[in-house]
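A, B, ... follow the sequence lines: proteins, then strands. Residue 1 opens every chain. Atoms considered below: every heavy atom in the structure, side chains included; atoms not considered: hydrogens, waters and symmetry mates.
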Protein chains: 2
Amino acid sequence: MKNLAPKKLYRKVYDELKDYIIDNHLKPGDKLPTEMEMTKTLGVSRNVLREAIKTFEIIGVLTSKPGVGIILNKFDSNFLSSCMFLNLIEDDVNLVEQSLEVRKVLEVGFARKVFNSITDDQINSLFEIIDDMDKIVSEKEYYEMDEKFHTILYKNVSNLVLAAIIESTWEVDKGYNIDIIDSQEIRVKKHQMIAQALKDHDYIGYLDALDYHFYYSYKKKIEQLNK
Amino acid sequence: MKNLAPKKLYRKVYDELKDYIIDNHLKPGDKLPTEMEMTKTLGVSRNVLREAIKTFEIIGVLTSKPGVGIILNKFDSNFLSSCMFLNLIEDDVNLVEQSLEVRKVLEVGFARKVFNSITDDQINSLFEIIDDMDKIVSEKEYYEMDEKFHTILYKNVSNLVLAAIIESTWEVDKGYNIDIIDSQEIRVKKHQMIAQALKDHDYIGYLDALDYHFYYSYKKKIEQLNK
DNA sequence: AAATATTTGTCCGTATGTATC
DNA sequence: TGATACATACGGACAAATATT
């Protein structure tokens with residue numbers, strides 16, 4: 001199954017710039033190479049390069065000044081929104097912590113709606129996903145399952161804004177393999193608790209399951225990163 | 001007080017494209033004019049125009065295909081994230097509703113932290129802002145005050161992700177002048193209730209004030225839009 | 001303080017590839 | 001099969017802003 005629509009050049013250059021910023025651990029205020037240099041190293045025309053650079057600039061990640069160069073912006077909440085939505089988050093313990101905190105508040109805050117709106121069919125689907133989770137080999141697969149699982153949970157809540165935000169915080173977590181610290185058994189068990197509580201129409205149990213789902217990996221991840 | 005740094009052309013074109021999409025109420029699947037047409041109507045070179053278009057394309061708002069044209073993407077949660085932080089939200093009752101719902105869950109979810117972390121000095125600042133709110137003439141001023149007010153509230157929570165999200169949902173609200181439906185007196189009163197509850201160290205009162213702050217304008221706005 | 005080099009900003013022209021009729 | 005419409009990509013040129021000497 002290959003990609004039938006090959007990426008456009010400016011799209012590729014955009015990704016390469018992104019990787020450059022992340023891999024070189026650029027800090028706010030740091031300069032990127034000049035346009036001329038980058039056209040050489042990337043082997044593209046100046047036009048295409050600029051289409052990618054201007055994207056970052058308009059979004060608020062970079063600033064370019066004639067006679068000076070291209071600079072990574074300072075880190076404010078506007079910068080952060082851009083980074084979050086663009087999956088451009090730096091390796092920052094605090095951000096992972098904060099992102100998880102937000103996700104937890106949202107998931108707990110919407111728990112009642114999830115609990116009330118989910119159907120029996122959907123609960124069955126949850127169990128099917130859990131069965132598949134047992135046979136997983138790669139991390140990538142796990143994330144796909146996990147995403148499916150949560151998508152079903154929030155489907156009937158019908159809040160696109162919530163979906164968008166959860167997805168964004170998700171990406172932050174993914175970047176740090178938050179759940180990897182859990183063993184395969186624990187991961188499956190966590191999701192089983194959630195699904196079972198919903199099946200039993202046990203709201204308190206659902207809240208507990210949510211709490212368990214978060215708190216555990218959260219605590220351990222922070223400890224691990226602080227080492 | 002004039003703008004000392006005149007906007008770059010591609011930045012202006014980007015804004016004009018944004019306005020075009022909003023003002024013409026483009027729906028997913030709708031086509032924009034061709035590059036050539038737009039260079040004429042906007043009076044800019046093809047390069048500059050493309051730098052703006054490619055921003056929208058890379059972010060996931062537009063798709064351009066040779067031989068076809070430039071098309072507004074379909075509306076999914078990825079599209080929404082981009083729209084949210086680009087302030088490119090359509091005039092959609094559901095979105096305003098959903099955005100407010102998320103903001104309320106977040107503000108209530110973080111209420112305990114706000115309550116515990118705010119200092120006496122900050123509470124005094126809140127009252128100063130409320131005093132200024134009384135003398136307001138324009139909506140723009142009100143939004144600035146309101147933003148200041150909430151920034152102080154959440155300052156000590158020190159969660160940049162939360163700040164970024166609240167700011168994004170804020171923009172959605174702003175686009176629809178959510179609070180305009182409240183009279184000047186009610187707006188001031190709402191903020192007074194919040195500040196007073198904090199001053200009195202009355203947590204339940206704070207929750208009530210939050211609830212009042214949201215529920216009222218929320219209800220009325222929805223009614224108004226449904227007409 | 002002035003001249004020069006550096007770097008981005010903006011424009012133009014041209015050739016190519018792709019979809020539509 | 002062509003003809004047309006459209007975006008993709010390249011290269012060159014000069015202007016404007018800033019830094020350097």
Side-chain angles (χ1 to χ4, degrees), chain A residues 2-18 20-21 24 26 28-74 79 82, chain B residues 2-18 20-21 24 26 28-74 79 82:
Chain A
K2 62 178 145 182
N3 193 354
L4 296 177
K7 262 190 196 167
K8 292 159 185 169
L9 242 190
Y10 48 83
R11 192 51 244 205
K12 275 194 268 187
V13 171
Y14 169 84
D15 286 335
E16 289 184 275
L17 284 180
K18 186 166 120 181
Y20 179 89
I21 294 172
N24 292 62
L26 291 198
D30 283 354
K31 271 170 71 172
L32 274 73
T34 67
E35 288 184 356
M36 283 318 207
E37 281 179 274
M38 289 195 272
T39 55
K40 275 180 203 159
T41 59
L42 296 175
V44 297
S45 74
R46 195 165 158 227
N47 276 341
V48 168
L49 175 69
R50 281 178 60 92
E51 285 166 7
I53 293 176
K54 284 342 166 193
T55 297
F56 283 112
E57 181 165 355
I58 288 174
I59 293 314
V61 175
L62 299 175
T63 298
S64 42
K65 289 179 194 164
V68 183
I70 303 159
I71 297 145
L72 192 67
N73 283 348
K74 69 176 203 294
F79 181 80
S82 305
Chain B
K2 63 178 146 184
N3 192 355
L4 296 177
K7 263 188 197 169
K8 292 158 186 170
L9 246 189
Y10 49 84
R11 190 56 243 201
K12 274 194 269 187
V13 171
Y14 168 85
D15 286 336
E16 290 184 274
L17 284 181
K18 187 165 118 180
Y20 179 88
I21 294 173
N24 292 63
L26 292 198
D30 283 354
K31 272 170 72 171
L32 274 75
T34 67
E35 287 185 356
M36 282 317 219
E37 279 180 273
M38 290 195 271
T39 56
K40 277 179 202 159
T41 58
L42 296 175
V44 297
S45 76
R46 195 129 173 257
N47 271 340
V48 169
L49 175 68
R50 281 178 60 92
E51 285 167 8
I53 293 176
K54 283 341 164 196
T55 298
F56 283 112
E57 180 165 358
I58 289 174
I59 293 314
V61 175
L62 299 175
T63 298
S64 42
K65 289 179 194 165
V68 182
I70 302 160
I71 297 146
L72 191 67
N73 282 348
K74 70 175 203 294
F79 180 81
S82 306

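Residues satisfying the side chain to side chain donor-acceptor pair (under 3.5 Å) test with B/T63, not counting sequence neighbours, are B/N73. With sequence neighbours left out, the side-chain contact (heavy atoms from CB on, under 4.5 Å) criterion links A/E16 to A/L42. Applying the side-chain contact (heavy atoms from CB on, under 4.5 Å) criterion to A/I70, with sequence neighbours excluded, gives A/L32, A/E35, A/M38, A/I53, A/L62, A/S64.
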Please write out the pairs of protein N or O atoms and N or O atoms of nucleotides 1-6 of chain D separated by less than 3.5 Å, giving the distance to one decimal.
from  : atom 1 : to    : atom 2 : distance (Å)
D/dC6 : O2     : B/G67 : N      : 3.1

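Note on A/Y10: a side-chain N or O is less than 4.0 Å away from OP1 or OP2 of D/dT8. For D/dA7, the OP1/OP2 oxygens have no side-chain nitrogen or oxygen of B/R50 closer than 4.0 Å.
Along DNA chain C, read 5' to 3', the first and last nucleotides having any atom under 4.0 Å from a heavy atom of chain B are C/dG9 to C/dA19.
In this structure, the side chain of B/K31 engages the main chain of B/V68 through a donor-acceptor pair within 3.5 Å. A donor-acceptor pair is defined here as one N or O able to donate and one able to accept, closer than 3.5 Å; such a pair exists between the side chain of A/R11 and the backbone of B/I58.
Overall, the helix from C/dA2-D/dT21 to C/dC21-D/dG2 carries an axis bend of 10° between its ends, with five pairs at each end and the value rounded to 10°.
Following rounding to the nearest Å, A/K40 (NZ) and D/dC10 (P) show an atom-to-atom distance of 16 Å. A straight line from NZ of B/K54 to C1' of D/dA9 spans 11 Å, rounded to a whole angstrom. Rounded to a whole Å, the CZ atom of B/R46 is 17 Å from the C1' atom of D/dG12.
Heavy atoms only, all atoms of each residue included: B/L17 and B/A52 are closest at CD1-CB, 4.0 Å. Among all heavy-atom pairs drawn from B/V48 and B/V13, the shortest one is CG1-CG2, 3.9 Å. When all heavy atoms of B/R50 and A/E51 are compared, the pair lying nearest together is NE-OE2, 2.9 Å.
Each of B/N47 and B/M36 was matched to the nucleotide of DNA chain D holding its nearest heavy atom; the match closer to the 5' end belongs to B/M36.
When side chains are defined from C-beta on, A/L26 counts as touching A/Y20, because their heavy atoms get closer than 4.5 Å. A/D30 places none of its side-chain heavy atoms less than 4.5 Å from the side chain of A/I71. B/E57 has its side chain within reach of A/K8: a pair of non-hydrogen atoms, C-beta onward, lies under 4.5 Å apart.
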